[in-house]
Protein chains: 2
Amino acid sequence: MPPRRARSERVTLLDVANVLGISSITVSRALREPEKVSEPLRQKILRQVEQMGYVPDLAARALASRHNGIIGVLAPALTNHAYLGIMSGIEERVRDTDFRIQYANTNHDADQEYRQVKLFLSQHPAGILLTGLQDQRVSDLLELAPCPVVQIVDLNLLPSGIAVGINHREAAETATRHLLACGYRRIGLIGGSRDLRAQRRHDGYALVMQEAGLYDPGLVMTEHKQTSMQLGCDLFKRLLETAPDVDAVFCQNDDLALGALFEAQRAGLRVPDDFGICGYNDLDFALCAEPRLTTIRVPRFQMGYRATDLIIRAINDECLPSRVIQLPFDLIQRGSTRPPA
Amino acid sequence: MPPRRARSERVTLLDVANVLGISSITVSRALREPEKVSEPLRQKILRQVEQMGYVPDLAARALASRHNGIIGVLAPALTNHAYLGIMSGIEERVRDTDFRIQYANTNHDADQEYRQVKLFLSQHPAGILLTGLQDQRVSDLLELAPCPVVQIVDLNLLPSGIAVGINHREAAETATRHLLACGYRRIGLIGGSRDLRAQRRHDGYALVMQEAGLYDPGLVMTEHKQTSMQLGCDLFKRLLETAPDVDAVFCQNDDLALGALFEAQRAGLRVPDDFGICGYNDLDFALCAEPRLTTIRVPRFQMGYRATDLIIRAINDECLPSRVIQLPFDLIQRGSTRPPA
DNA sequence: CTGTTAGCGCTTTCAA
DNA sequence: TTGAAAGCGCTAACAG
């Protein structure tokens, strides 16, 4: 721990209490349990608190009581566009509660995930929301966590704790079947396979292609990288070189799909007539691309909202409606695939 | 603060100390100031700590000492793609230090910004990194902060504290001059003006257009909304209706620019021949769009890295190289604008 | 409804 | 190099 820095004299509960000639616990109660303090006194206290600029010390509160009121959210990559909807759902649910949200990145890395979970835990959080790798060490840690933990996961795997998610494998099956129904035959897959959820999408694709007798490993282009449009461009180019007769791609997310779309345009392919593209996530830009992107819609706002709701219920010791919530997905047909036959 | 939840018996410093028959302060020192404990004892302690799974309690540490080792980062919208580079810079700088990062959203809202700053402060953070609105209440709060605060800002305004940034107005001037140099005349502006930095970009545009005698308020389309490709589409459509003779747009960021590009394609405009588009930020997709996007490159990784470096130096009481670091920007000419005459 | 007491787990300060 | 004592600011538990 590095050296010091002058600490400005913080206003404490006691300071406020002294001014009013009452005890600090009464001030504390006025703030946290208003109904336990008489109305006139409460008013006086609140006014004084305001005037002196008192701000509660969360470290002290966390130490003296159960938790600090903060729900920690761990995500592989906070800047992932797909996380936007999840965040909105989370923040919507805590609005008008006394809980607050803080985020950290795990960078798709089990070690970092482990460290960040420990970091949150060591601050006495009210709860933890994890979109994680389902690593064993982390699970062990969470098993003993003194606060509720909810995971946003792929539900094809059996989550041990409380979880919200969709079945990514089934969603990928739906997407692949749609491409087949549109009459495409040499259907490729583009993906960044760093992540379990992405892995399940691959499984769904492979399953359907095998059923159809059309599976060809040469049509699968993945790279262990953070996905991006640029990666979509690169993988698409590689796919086109490897298998020039490819006539469609299922992309593991919309970023990749948009990259593929641009690259297809550069290659002079006409989408959707010569070539079909299906994305995943239904990010906002899927609707404004030209042509608009066929994709799988995932209820991300709901995922964030319901996951946070589960946490809050668990903190409040309510019994949960269920430990695992499976959310639906939808295939959104747009201009980047031909109408199904 | 909601009710309880069984607290699992946390291993404390004292537990470890008791097992070894020493005092807890020695264990504490072995962990934080290794050089102050004899080598053999230190080894024994570290082994025991490991074995008992001791994890320091940051709340207690924060309360007893100066700070909790966490640098809080506040951003308007963490899922903004432009923040990715900044985050990478931040996290790169803290890698291999004992500092950790936690994030929170302010949603471009002064009240939320104020509340989040208070929330971080009440946890005894090691430092705060703010990409904010420069609201007066927040500034007052930070003035008294017991930890270093660094802002990532527009440097055309005079920041009061420590800051890193670029001059957004000048950057916008450069972009607009470039469009003029390409021979475009009826140059519009598309933007979401919620944010100071965005506001400065508007100023730069207006300045240059006025100089050229070409300024027309009818060519400015802004909306107080979070920017997105969809917003780019909408504003572009509106621009085209309002001023059918518009022949170029400067977009306040690349998301908007890409939306505008799609919409231009749908309208049958040929980019860059009939119509020029210039973005802002040089996000990864600017390079893969078709045509590739002319844009302003902002050194986001550097902004994050250097801002964090300033914080860490300030925490360590080093004297700072300077209180304000101005970073350069670059105009990146690509296919969405004609070559300049 | 209000107050007293004790202690959360750690680090600071001072002493040995 | 190690330890003892005190206290950071708050809240739980129990009184009155």
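Letters A, B, ... mirror the listed sequences (proteins, then strands); counts begin at 1. Computed from a predicted model, the values in this text were never measured in an experiment.
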**Student:** Strictly distance-based, threshold 3.5 Å: is any side-chain N or O of B:Gln112 a donor or acceptor partner for the main-chain N or O of B:His108?
**Tutor:**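 The answer is no, because no donor-acceptor pair under 3.5 Å joins these two groups.
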**Student:** For residues 70-79 of chain A, which residue pairs qualify under salt bridge (Lys or Arg N to Asp or Glu O under 4.0 Å), counting only residues two or more places apart or in two chains?
**Tutor:**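 For residues 70-79 of chain A, and leaving out neighbouring residues, there are no salt bridge (Lys or Arg N to Asp or Glu O under 4.0 Å) pairs at all.
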**Student:** Looking at D:dG9, D:dG3, D:dC10, which one has an atom nearest to any side-chain atom of B:Leu63?
**Tutor:** D:dG9
**Student:** In terms of side-chain heavy atoms of A:Thr12, which of C:dT4, D:dT11, D:dG9 is nearest?
**Tutor:** D:dG9
**Student:** Using the side-chain heavy atoms of A:Ser24, tell me which of these nucleotides is nearest: D:dT11, D:dT2, C:dT11.
**Tutor:** D:dT11
**Student:** Among D:dG9, C:dT12, D:dT2, find the nucleotide with the atom closest to the side chain of B:Arg32.
**Tutor:** C:dT12
**Student:** Given C:dT11, D:dA13, D:dG9, which nucleotide is nearest the side-chain atoms of A:Arg29?
**Tutor:** D:dA13
**Student:** Run the salt-bridge test on B:Arg95 and B:Glu92 with the 4.0 Å N-O cut-off and return the result as yes or no.
**Tutor:** yes
**Student:** Are B:Arg137 and B:Asp111 ion-paired here, with the side-chain N under 4.0 Å from a carboxylate O?
**Tutor:** yes
**Student:** Measure the distance from CD1 on A:Ile22 to C1' on C:dT4 and round it to the nearest whole Å.
**Tutor:** 15 Å
**Student:** Out of D:dG3, D:dG7, C:dT4, which nucleotide sits closest to the side chain of B:Ala64?
**Tutor:**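 Of the options given, the side chain of B:Ala64 lies nearest D:dG7.
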**Student:** Measure CD1/A:Ile45 against P/D:dC10 and give the value in whole Å, please.
**Tutor:** 14 Å
**Student:** Does a side-chain N or O from B:Ser38 land closer than 4.0 Å to OP1 or OP2 of D:dT2, or not?
**Tutor:** yes
**Student:** With a non-hydrogen cut-off below 4.0 angstrom, is B:Glu33 in contact with a base, only sugar-phosphate, or nothing?
**Tutor:**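 Nothing, no nucleic acid heavy atom in range.
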**Student:** Of all the nucleotides listed (D:dT11, D:dG9, C:dT12), which has the minimum atom distance to the side chain of A:Ala60?
**Tutor:**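 Of D:dT11, D:dG9, C:dT12, D:dG9 is nearest to the side chain of A:Ala60.
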